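The figures here come from the full heavy-atom set of this structure, side chains too, leaving out hydrogens, waters and symmetry mates. Computed from a predicted model, the values in this text were never measured in an experiment.
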Amino acid sequence: MTLSLFFQHLANGISLGSLYALIAIGYTMVYGILRLINFAHGDIVMLGSYIAFYGVVMFFLPWWVSFPLAILLTGVVGIIIERTAYKPLREVPRINLFTSAVAVSFLLENLGLVIFGARPKGFHRPPVMDTVLYIGGAAVVSYTPIIILTALVLFGGLMFVVHRTKVGMAMRALSKDIETTGLMGVNTDQVITFSFALGSALAAAGGILWAIKFPQIQPLMGVMPGLKAFIAAVLGGIGDITGALIGGFLLGIAEIMLVAFMPNLAGYRDAFAYSILILLLLFRPTGIMGEMEPEKV
Amino acid sequence: MPTKKLFVPLLVIGLIASLVTACQPTPAAKETPAPAETAAAGEETTPEEVVIGVYEPLTGAFAAGGEFTMQGVNLAYKQKPKVLGVPIKLVVVDNRSDKAEAATAMARLINQEGAIAVVGSYGSSLSMAGGEVAEKAGIPVMGCSPTNPLVTQGKDYYFRACFIDPFQGRVMAKYAVEELGVKKVAIIQDVAQDYSVGLAAFFRKAFIELTGDASGIVSFTSYQTGDQDFTAQLGATLAAKPDAIFAPGYFAEAALLAKQARELGFKGPILGGDAYEAPELIEIGGDAVEGIIFSTHYHPDAELSPASKPFVEAFEAEYGERPSAFAALGYDAYMLTIDAIERANSFDPAAIRDAMAATKNFPGVTGTISMDENGDAVKTAVILTVENGKFKYLTTVSP
């Protein structure tokens, strides 16, 4: 393998990994606070990309209006989901909440099939994200740096919110103990709702960027990214935002490199991703960043 | 908590939604005569109606292919709603682009709906799954567009209106070598699809036969249905500097693959098979699929038989658009089934099967169809390209 080919693979891997990372940080944040594996996260990714798609195609909005609007609207959908499907179940055993999350996932997928139709739709890339650049012999489409940059900026923003703001402080407190935090005068419901809105907005951003990289959207498009992001989150130590970012990049690069070095295994790359998950759970159940008493959020 | 009450209705809505998608295109099941009764029906007791089943992917990855096929089947049904003077009840079941569902759909058509013959399905893997069930039950099936040879091999009751992949692979290899002057080719197959694996292998064989040079296949890699990232495969593939890429997958993956190949700087021709034909290929692929070349069964510009022209006119009047190859094959598959029932002059599945096997020079809209000993149609292929965002007819290739 020549050096330039290696760089090409690395660029492809980072590009894919940044998408996993972006979806994983929203996933892991919700887990950190509620200890809820929000199985519907991948379907919220799908919803975000569809809203952005219809904003451009049906309402003729320019992409720089449609995309932020889609992120905002998906955040609102996140609030509705939390209020109807998760909040009423907060006092009951956690398994019920988990089941409810699976139900929401199927609900969104099937609503998507009915409303949007089963046939895939072509997502239009904004022209600025559609030119090919050559960096050191590797062909890179201009959306790649934009995706990586967006992932890092949103990660930085999330870190700022969690560690530097009042609501972030409440989020961190909540992740330790919901009841006590409530007794301290924090409106826990509001904080949880806010986290969901934030998580869903991040998912929407991930979905839009996903659709820019792979310009084909369909109602079941969120399933695979959702699972991969979940693996990335576990890889990094579920509940840890930095871990999710690292896990996402690692998974993306590992997937591409597996195919690059062992082309015969190209058909098995998903099996590879899941094998990583199993091995990790066997040998380091807390993930890369996780401690034995995982620090949440 | 008032919101608690909302949860139950929400779940109910979800349940209904999934039910709707599961059985959307299926008319409500009515009392229908069981196949045995129908078969026993002689001249004196003509049945009130006969059931012809259709199983197609109406949701999932192949939904576009299934929808096209249904356009053709529905048009044919509209033109011939009766056979031997008895009204036909067309029962359509969605196999959801899923192998397990395809077997279930077939079992449902035979056992619950009492179909005496079945039409379908788009997708070789789906047809193979359904074929096992039909074979056991002894119900004849007319495939529209499954092209993998294994669909009919060793099956007495499975027939098809389309050509098969050894022919299609040879057509494309010949075109690549003789018309495009390709010397080095890279193959990328969808390892999860029998269609793709088969077509890739037949293309490879034909290409080596034509060039006499096994090293002409510079790269042979795989991906899986539903994959969206092909950059890893393409990186290695393009490093081998092929003149052309043969990627016999389905349209959804093919569009993304073409896009990524162009982004990585590949300028040569991209070749494929009949599963490329869907508007999504162009809609998703955009400029990247311009100049793509693939073989398929039919194009409205190619007059393949006397039946072609009236079909195009009827189709345009019905749907306001030009027919795709899959619509044409759906039409032919239904008409072949009716033709077999008429020639058998009976509703007995075994007699229909024998009549299907004896089909000779049937004037189908996709060409003149005769069945060979395996139950495969022997007929011409057309080669198409994409030009200015439209499928364009290049040439016709005879067997």
Chain B contact via A:Gln8 - side chain, backbone, both or neither, heavy atoms under 4.5 Å: side chain
For B:Ala239, is it the side chain, the backbone, both, or neither that has a heavy atom closer than 4.5 Å to a heavy atom of chain A? side chain
Determine the minimum heavy-atom distance between A:Leu5 and B:Gly235, stating which atoms define it. CD1-O, 3.4 Å
Please identify, among B:Thr237, B:Val191, B:Asp190, B:Thr231, the residue contributing the most non-hydrogen atom pairs under 4.5 Å to chain A. B:Thr231
Can you tell me which residue pairs pass the salt bridge (Lys or Arg N to Asp or Glu O under 4.0 Å) test with a partner in residues 209-226 of chain A, sequence neighbours excluded? A:Lys213-B:Asp229
Within a strict 4.5 Å, meaning less than it, do heavy atoms of the B:Pro279 and A:Arg119 side chains meet? yes
Taking the side chain as every heavy atom from C-beta outward, state whether A:Pro215 and B:Leu256 have any atom pair closer than 4.5 Å. yes
Close contacts, residues 259-271 of chain B versus chain A, judged by heavy atoms under 4.5 Å: B:Lys259, B:Gln260, B:Glu263, B:Leu264, B:Gly265
Given a strict heavy-atom distance threshold of 4.5 Å, which part of B:Glu280 is in contact with chain A: side chain, backbone, both, or neither? side chain
Let me know if A:Phe123 has heavy atoms under 4.5 Å from chain B in its side chain, its backbone, both or neither. neither
Which atoms of A:Arg90 are under 4.5 Å from chain B, going by heavy atoms: the side chain, the backbone, both sets, or neither? neither
With a 4.5 angstrom heavy-atom cut-off, is it the side chain or the backbone of B:Asp227 that approaches chain A, or both, or neither? side chain
Using heavy-atom distances under 4.5 Å, tell me whether A:Leu220 contacts chain B through its side chain, its backbone, both, or neither. neither
